[in-house]
Amino acid sequence: MLFAEITYALTGIGLFALGLRGALLRRSLLGRIIAINVCGAGVFMLFVAIAYRGPGQAPDALPHALVLTGIVVAVSATALALALGRRLRDSDHE
Amino acid sequence: MSDLLGILFVLTGIAFFAAGSIGVLRLPDLHSRLHALTKADNLGLGLLCAGLAIIDGGALNAVKLFLVWVLVLAASATAAHLIAQQALRQADK
Amino acid sequence: MTTTTQILLASTALLLLTLGMGLARAMIGPSLQDRMLSVQLLGTGGVAVLLLLSPLLAIPALVDVALVLALLAAVAAAALTRREVDDV
Amino acid sequence: MMAVQLWQLLDLLLAGLTLGLGWAAVSGPDLRRSVVFFIAFGLLVAVVWARLRAPDLALAEAAIGAGLSGALLLSALRDEPDAETSDDVRGGPVAALVSLAGLALAAAFAWVMIHTLGAADPVRLADQITAQLPNSGVGNPVTAVLLNFRAYDTLLELAVLLAAVLGILALGPARTPYRAAGPLLDGLIRWLVPLLILTAGYLLWAGAHAPGGAFQAGAMLAAAAVMLRLGGHTIAGLPRPPMQRILLTAGIAAFVLVGVITTGLGLAFLQYPGGWSGGLILLIEAAATLAIATTLALAYIGGRPAGWVSEGSADTTTKIGGRD
């Protein structure tokens, strides 16, 4: 096993746990959305770490393609969540 | 020989970065910190780009590196102004 | 592994350490502008790290990534400073 | 020998900084502070992708993680009343319990991961990708996976993006636009927007053989839209709504069209005829770039721009459902 693979995979797991904790403990929607994004970044990092093959070796392209689409889906999901939140607040204030 | 020159540039660049960071960390107020940052990191990146271009030796890479530096220079100058402007506006309020 | 590569590698590690120091300012604050300032330092520093990684990993495309990061750091700076301006 | 240790030091530093910034982004109480740290986090994650030899991801993360997401959160923060920009994080025994559970979960994941990674080498899809790359019509393995080997998945992903933006458009009108920019910001926009568009074109073209492609190019175009909106351009440089509709569906339309034609030729859905792969992929990617850019720009605007709903219809009453 490669040192970098382990280091970044563990970092990914750490970010996932941090994000999950934040999503559960923060009260505001915006704070939770940020936390979920950090959580997602942790998952992506685990994927990319596993795809790593060591110095001078081409990494596995399949997880890269998955994560690439994941990044774009994450940002549109974030935008949708923010729009939902705005709608929710507007109807609360009525 | 050219590697030696390149390394010298890179190391000086890193030293400027370090100076900038220490300035950002230690200087007493926002405006002097901004001043330290823009001076140090732009000069640092310029030296670093020059050093890497010398080590690489390729013309295309040198052009790209130069482009990156000019971009960062222009962008960070504007950004520093915007941050300072915002801080002043908030102080006025 | 040539000496040049080793020195570049050590420089990258040193640069990361430096950026960590700058980020301490982001943690301390106290004002939001102080935090933005360290983000800007991180943007320039990130560009520098990418440029150093390019020869170290032998991936020429990382220079393109550095270019994109430089452009987007400017977008982020504009977005960061814009918010408050509109409040006045 | 020495170099190995230096790499390890570098990895530890990078990982530590990433974790620190992630922690700062999720811990309260000030939301503005969280957003600033989240932007910094995105910048650093882009560097991590570069370190792990994933330049395609580094490009996308630099554009989206460091730029678009931050701008999106900032414009949402602008709508929050000032009282709600501070967010107290729950404390007490519940928090302690959640933290402990999170720690246990992380430890369990780490244990599973270390045991799985150490296991015997399974059949690697990577080898098949490398073997088939010469037949894919492109030289970049990530592009080959996205637009040839797993083109069907990418088609459906574009559908997911469309669904998300339709949701946003259905939820309400656009956010309040920004006022016209001052001379300083205006000067920045003047040179940054053309450069962003130029870079988008370059990344689209480069994607066939080098890092880049539709997602990265689309994100760069969307960043140009963000800059324009920040400068006071209400619809962020987008064309009129009828054209927006066409652009939103362009990616899916190109995919389906190519798929139907290949089926008509007696091949499988999206099985490109020999020799045509490169051209067809570029065609689909160009359409997908426009669709992704329009999607992300509309997502940033955060609702329907003026002109999406015809006069006299439901748009004047923005409230849904009964309000009794």
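Naming: A, B, ... by sequence-line order, numbering from 1 per chain. Atoms considered below: every heavy atom in the structure, side chains included; atoms not considered: hydrogens, waters and symmetry mates.
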Which atoms of [X] are under 4.5 Å from chain D, going by heavy atoms: the side chain, the backbone, both sets, or neither?
X: L20(A); value: side chain
X: R21(A); value: both
X: L66(A); value: neither

Main-chain N/O of V72(A) paired to S76(A) side chain as donor or acceptor, under 3.5 Å: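 Present.
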Look at the side chain of R87(A) and the backbone N and O of L171(D), then say whether any donor-acceptor pair between them is shorter than 3.5 Å.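 At least one qualifying donor-acceptor pair exists.
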Just verifying a value: how many Å separate R32(A) CZ and N37(A) CG, rounded to the nearest 0.5 Å?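 The distance works out to 14.5 Å.
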Would you mind checking which part of [X] comes under 4.5 Å of any heavy atom in chain A, side chain (CB onward), backbone (N, CA, C, O), both or neither?
X: T143(D); result: neither
X: V35(D); result: both
X: F109(D); result: both
X: I168(D); result: both
X: V142(D); result: both
X: A104(D); result: neither

Using the side chain to side chain contact (heavy atoms under 4.5 Å, CB included) rule, take T78(A) and I34(A) through it: C-alpha gap first, then chi angles, then the decisive distance, then the call. CA-CA 9 Å; T78(A) 302; I34(A) 293 177; over 6 Å; no
Between Y52(A) and Y8(A), is the ring centroid distance below 6.0 Å?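 No, the ring centres sit 6.0 Å or more apart.
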Let me have the donor-acceptor pairs involving side chains of residues 58-73 of chain D, under 3.5 Å, with sequence neighbours excluded, atom names and distances please.
unit_1	atom_1	unit_2	atom_2	d
E61(D)	OE1	W49(D)	NE1	3.0
S69(D)	OG	I64(D)	O	3.3

Any idea which of [options] has the most non-hydrogen atom pairs under 4.5 angstrom with chain A?
options: T18(D), V45(D), L161(D), V160(D); value: L161(D)
options: D153(D), V145(D), L19(D); value: L19(D)
options: L52(D), V98(D), V94(D), L21(D); value: L52(D)
options: G167(D), G102(D), A164(D), A101(D); value: A164(D)
options: L10(D), L12(D), T295(D), L296(D); value: L12(D)
options: L105(D), L146(D), L57(D), L298(D); value: L57(D)

Between [X] and [Y], what is the shortest heavy-atom contact and its length?
X: A144(D); Y: L133(D); answer: CB-CD1, 3.6 Å
X: A83(A); Y: R175(D); answer: N-NH2, 4.5 Å
X: N140(D); Y: G212(D); answer: ND2-O, 3.9 Å
X: L147(D); Y: A151(D); answer: O-CB, 3.5 Å

Between the side chains of S34(D) and R26(A), does any donor sit under 3.5 Å from an acceptor?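 A donor-acceptor contact under 3.5 Å links the two side chains.
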Which one of [options] has the most heavy-atom pairs closer than 4.5 Å to chain D?
options: A65(A), A17(A), G22(A); result: A65(A)
options: A4(A), A74(A), G12(A), G14(A); result: A4(A)
options: T69(A), L10(A), I71(A), V67(A); result: T69(A)

